[in-house]
Amino acid sequence: MAINHPSFGAIDANRVIVFDTTLRDGEQSPGFSMNLEEKLRMAEALAELGVDVMEAGFPIASQGDFDSVQSIAQRFAKDGPVVCGLSRSAPGDILRAAEAVKPAARQRIHTFLSTSDLHMRVKLRMSREDVLGAIAKSVALARNHVADVEWSAEDGSRTDPDFLCRCVETAIRAGATTINIPDTVGYALPEDMARIFSMLRERVPGAADVIFSAHNHDDLGLAVANTIASLNAGARQVEATINGIGERAGNASLEEVAMALRTRQDAIPYATGIVTQNILKTSRLLATITGFDVQPNKAIVGRNAFAHESGIHQDGMLKDSATYEIMTPESVGWSTSALVMGKHSGRAAFRDKLATLGYSLGDNQLNDAFKRFKDLADRKKSVYDEDIVALVDDEVGRAHDRVKLMALTVATGMGTRPTASLVLEVDGETCDAVAGGDGAVDATFNALQQVVPHRATLKLYAVQSVTGGTDAQARVTVRLEEDGKLVDGQGADTDTIVASARAYVHALNKLLAKRARTAPPEILQPAQAG
Ligand code: KIV
Ligand code: ZN
């Protein structure tokens with residue numbers, strides 16, 4: 001039976017709404033925080049991926065969160081996904097969420113309250129009656145501001161079933177249009193989630209007029225299985241994140257749920273609006289922004305997800321790929337690492353290539369990226385799609401950087417102390433430095449410290465190869481910490497030391513931007529050295 005939904009109109013009974021929470025639950029995981037510009041890039045990619053609802057943040061949590069949700073709402077002021085802001089049940093939270101999502105063409109407020117005895121006693125110190133009262137008030141207040149209101153029973157999977165029914169009934173009566181039952185602590189088994197949704201749909205008055213939603217955490221590695229079981233029991237919204245990021249062990253991975261639905265239509269015949277060919281690109285963008293790659297054997301998006309190593313498997317694949325592949329790599333955006341272009345390729349071809357990879361750059365960014373592409377093609381025999389993606393990700397969003405790496409030379413060898421000489425442009429002024437160190441990377445970072453003195457400490461240094469081969473580009477992630485603030489920087493280059501310097505400079509720029517947001521304007525005084 002079709003439901004008439006305030007944001008989606010008449011929804012077919014087998015249509016599953018994909019609610020992405022990468023920018024909220026995902027961003028809550030340690031080390032995964034993103035700045036405004038990064039969240040906007042991610043939001044753009046999620047819209048292209050075809051998510052129906054985008055939970056853009058938790059507006060009451062901080063001014064930064066509010067600004068991000070509001071900017072994303074402004075970006076989707078004419079069309080695009082429903083933009084959602086999270087709120088607890090307090091009126092101040094709800095009003096802040098309402099204000100943040102207001103510019104969006106389609107807005108949702110997602111309000112939640114704990115319903116398990118444990119949470120109510122220890123965390124909320126509220127009785128069952130208090131909680132029912134708060135649900136009624138919070139949902140009604142949210143409905144005064146938006147037509148599309150989601151209510152969540154935090155720790156729902158560990159809630160007394162009779163009380164859960166009363167909570168859901170209260171939320172529906174107050175005007176909730178989506179009811180979400182999270183497995184907040186990742187404790188449930190698939191049959192538990194199926195039982196809960198079947199019970200609610202059977203027992204709660206008004207259940208037929210709302211969308212039930214699954215939100216599963218992965219503490220026991222069951223988030224995707226629990227999500228599928230919830231769908232089979234009547235849930236029609238899935239809450240998920242790219243690469244499965246999220247609190248603790250993460251949330252259900254969006255790409256895994258989407259591909260399970262696409263691949264197993266025989267058993268789970270539900271439709272989503274996900275453009276599966278964009279999955280890999282979105283996953284890679286998140287990895288680039290956060291500095292965390294997925295593990296090689298990660299389903300769908302891991303480097304080995306479609307690699308066939310054993311002779312028997314390779315033989316089968318050559319005869320018929322269906323022998324060992326249940327979905328094609330192309331269906332999720334893997335290309336067969338097609339050779340892109342060489343050093344003779346022109347600017348127009350480069351722009352076309354970027355368009356097929358999903359990038360549309362302004363003229364200045366295009367010029368910079370093209371210059372770097374030419375430079376790369378001169379040094380690297382074969383330039384692949386992955387190289388272009390790494391290079392462009394390295395370029396986008398850097399136009400306003402205060403510190404720019406202009407030149408770097410490192411002298412190193414067995415038995416000698418490495419020395420790095422570099423030239424930076426700092427607020428338009430050219431500065432140079434020479435420094436030694438315990439290795440080429442250490443010397444480079446010491447030279448950077450001389451030009452831009454700072455107290456930040458290095459928390460993470462990671463190197464990854466973009467493609468295979470000794471001439472492959474290295475993608476380096478650097479994490480710095482200053483006064484409890486963490487920033488990640490990325491850099492790519494065929495020379496690992498240059499990639500490291502780029503990553504460090506990127507992190508420094510983010511640190512400077514962070515400082516500027518929390519302190520009065522500061523003049524950067526580059527220290528001249530060398
Ligand atoms: O896991 C959870 O319970 C949540 C709620 C805020 C929906 O993320
Ligand atoms: Zn959650």
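In this text the structure is predicted, and so the values were computed from the model without any measurement. Each ligand, and each atom within it, is numbered from 1 in the order the structure gives.
- In this structure, a donor-acceptor pair under 3.5 Å is present between the side chains of Asn251 and Asp25.
- Ligand 1 has no atom lying under 4.0 Å from any heavy atom of Glu247.
- Rounding to 10 degrees, one finds that the Zn ion (ligand 2) sits at the corner of an angle of 100° between His217 NE2 and His215 NE2.
- Side chain to side chain, Glu129 and Ser127 fail the donor-acceptor criterion of an N or O pair below 3.5 Å.
- For the residue pair His454 / Glu482, no side-chain donor-acceptor distance below 3.5 Å is found, with atom types taken as modelled.
- Contacts of Arg24 with ligand 1, taken as heavy-atom pairs under 4.0 Å, involve the side chain alone.
- The N/O atoms of His110, backbone and side chain alike, include none that comes under 3.5 Å of an N/O atom in ligand 1.
- Within the 4.0 Å heavy-atom criterion, the part of His217 lying near ligand 1 is the side chain and not the backbone.
- The only option from Arg75, Lys39, Lys281 that meets the salt bridge (charged side-chain N to carboxylate O under 4.0 Å, His left out) definition with Glu44 turns out to be Arg75.
- Distances below 4.0 Å separate heavy atoms of Glu154 from the following atoms of ligand 1: 3 (O).
- At a heavy-atom distance under 4.0 Å, atoms from both the backbone and the side chain of Thr184 approach ligand 1.
- A salt bridge links Glu99 with Arg96: at least one charged nitrogen is closer than 4.0 Å to a carboxylate oxygen.
- At a cut-off of 2.8 Å, Asp25 is counted among the residues with an N, O or S atom near the Zn ion (ligand 2).
- Backbone and side-chain nitrogen or oxygen atoms of His215 are examined, and one is located within less than 3.5 angstrom of a nitrogen or oxygen of ligand 1.
- In this structure, a donor-acceptor pair under 3.5 Å is present between the side chains of Thr276 and Arg262.
- Atoms CZ and CD, from Arg24 and Gln28 in turn, are 5.0 Å apart once rounded to the nearest 0.5 Å.
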